[in-house]
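Notes follow once the structure below has been shown.
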Amino acid sequence: MNRPGLVQGKKALVVGVASERSLAWAVAQALAREGADLAFSYQGERLGERVRALASEVGSTVVEPCDVSRDEDIDALARAIAGRWDRLDILVHAVAFAPREALAGGFTGNTDREAFRLAHDVSAYSLVGLVRALRPLLAAAAGSVVTLSYLGAERALPNYNVMGPAKASLEASVRFLAFDLGPEGIRVNAVSAGPVKTLAAAGIPGFRRMLDHVQRTAPLRRSITAEEVANAALFLLSGLASGVSGETLYVDAGYHIVGMAFEDPPSGSG
Ligand code: 0WE
């Protein structure tokens, strides 16, 4: 007899798949492997075809459009899910956006009001908006919500710029949602992932250099994989984490705990 999966029979909605390299897709695959039934949303018809193809790989035909910057879209998504399922056990939120011009050069010079508004709307409010719309379904399941964050929420670093404040708002929103919805049995957590080469990271100036720096500095002396992010998200979304809410769990090979690090001696030097 096979052991039941960690999320066997649970109903899961994954928001934020953009390609086969997306962290959202890695989480979806881990959930499918562990027995969940999946639904996906996508933004824009161009991504619709891609996401439908990926969804079919994990046996899902529930694929709905949703531009998370539009309340009508979020409401329509919640109605579509409610039309199929009487509860939602799992919500995965893996969405972020800032104007490309805001993600290079200096923070002060590149953060105008509109870049700040858009980054916070798409990257932080979208979690609150989705949870608001899905609240009855999540409460019916005593569901679990996971979002993805990044170190820029807590530390200043090059080029991440306005996404830093947006992720800080996202992590604070995780705590306030966890506080507010805990009495309904709903848990809300974040995974703060180290850099992974996804579409969201493609074309970021100096991304290769950041990966090299992490690989030289992190306690594990390497960067992390999408599968490692997915397994941590799976843990938080499963019953194994039934006592965890409002947390930000770092999956970064230990990078964020380092205060100072000297270079390793060249290999073979003794
Ligand atoms: O949160 C992110 C990236 C999110 C993101 C990516 C893009 C690229 C395309 C938000 N908005 C846009 N807008 C676009 O036009 N990450 C954690 C990945 C990332 O992005 C960086 C990083 C890392 C790591 C940007 C600068 C420095 C480091």
Side-chain angles (χ1 to χ4, degrees), residues 14-27 42-44 46-47 50 67-69 92-127 146-174 189-218 220 222-230 232-233 248-256 258:
V14 179
V15 178
V17 175
S19 82
E20 64 290 330
R21 289 212 292 219
S22 293
L23 297 184
W25 175 236
V27 176
Y42 63 90
Q43 185 192 11
R46 208 182 76 255
L47 286 182
R50 265 197 200 176
D67 175 341
V68 296
S69 70
V92 178
H93 172 273
V95 183
F97 186 78
R100 180 168 289 284
E101 314 78 66
L103 294 178
F107 170 71
T108 315
N110 287 302
T111 305
D112 61 17
R113 186 184 300 275
E114 179 53 16
F116 191 96
R117 187 202 64 74
L118 185 59
H120 284 70
D121 185 14
V122 174
S123 312
Y125 179 75
S126 61
L127 175 70
V146 163
T147 186
L148 295 182
S149 192
Y150 181 60
L151 184 61
E154 294 214 353
R155 312 273 190 80
L157 54 102
N159 300 321
Y160 201 62
N161 294 348
V162 72
M163 278 304 304
K167 289 298 197 187
S169 173
L170 178 69
E171 291 183 12
S173 298
V174 163
N189 292 288
V191 170
S192 183
V196 180
K197 203 165 176 216
T198 65
L199 261 192
I204 297 299
F207 190 79
R208 181 68 248 178
R209 217 173 143 194
M210 290 189 39
L211 273 182
D212 290 342
H213 171 71
V214 165
Q215 288 162 6
R216 280 184 277 102
T217 310
L220 295 178
R222 62 175 180 84
S223 51
I224 51 115
T225 66
E227 290 67 35
E228 289 173 321
V229 174
T248 297
L249 175 59
Y250 280 79
V251 179
D252 67 346
Y255 178 83
H256 76 109
V258 175

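Order of appearance sets the numbers: ligands from 1, and atoms from 1 within every ligand. Side chains are part of it too, since the values below use all heavy atoms of this structure and drop only hydrogens, waters and symmetry mates.
Residues satisfying the ring-ring contact (aromatic ring centres under 6.0 Å, His included) criterion with Tyr125, sequence neighbours excluded, are absent altogether. Residues satisfying the salt bridge (Lys or Arg N to Asp or Glu O under 4.0 Å) test with Glu228, not counting sequence neighbours, are Arg222. Residues passing the salt bridge (Lys or Arg N to Asp or Glu O under 4.0 Å) test with Arg208, sequence neighbours excluded: Asp212.
Using modelled atom types, no side-chain atom of Asn161 and backbone atom of Thr111 make a donor-acceptor pair closer than 3.5 Å. Side chain of Ser19 to backbone of Arg21: a donor-acceptor contact under 3.5 angstrom is found. Between the Ser126 side chain and the Val122 main chain, a donor and an acceptor come within less than 3.5 Å of each other.
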Give every pair made of an N or O atom of ligand 1 and a protein N or O atom lying under 3.5 Å apart, one pair per line with both atom names and the distance to 0.1 Å, or write 'none'.
{"residue": "ligand 1", "atom": "1 (O)", "partner": "Tyr160", "partner atom": "OH", "Å": "2.7"}
{"residue": "ligand 1", "atom": "11 (N)", "partner": "Ala98", "partner atom": "N", "Å": "2.8"}
{"residue": "ligand 1", "atom": "11 (N)", "partner": "Ala98", "partner atom": "O", "Å": "3.3"}
{"residue": "ligand 1", "atom": "13 (N)", "partner": "Ala98", "partner atom": "O", "Å": "2.7"}

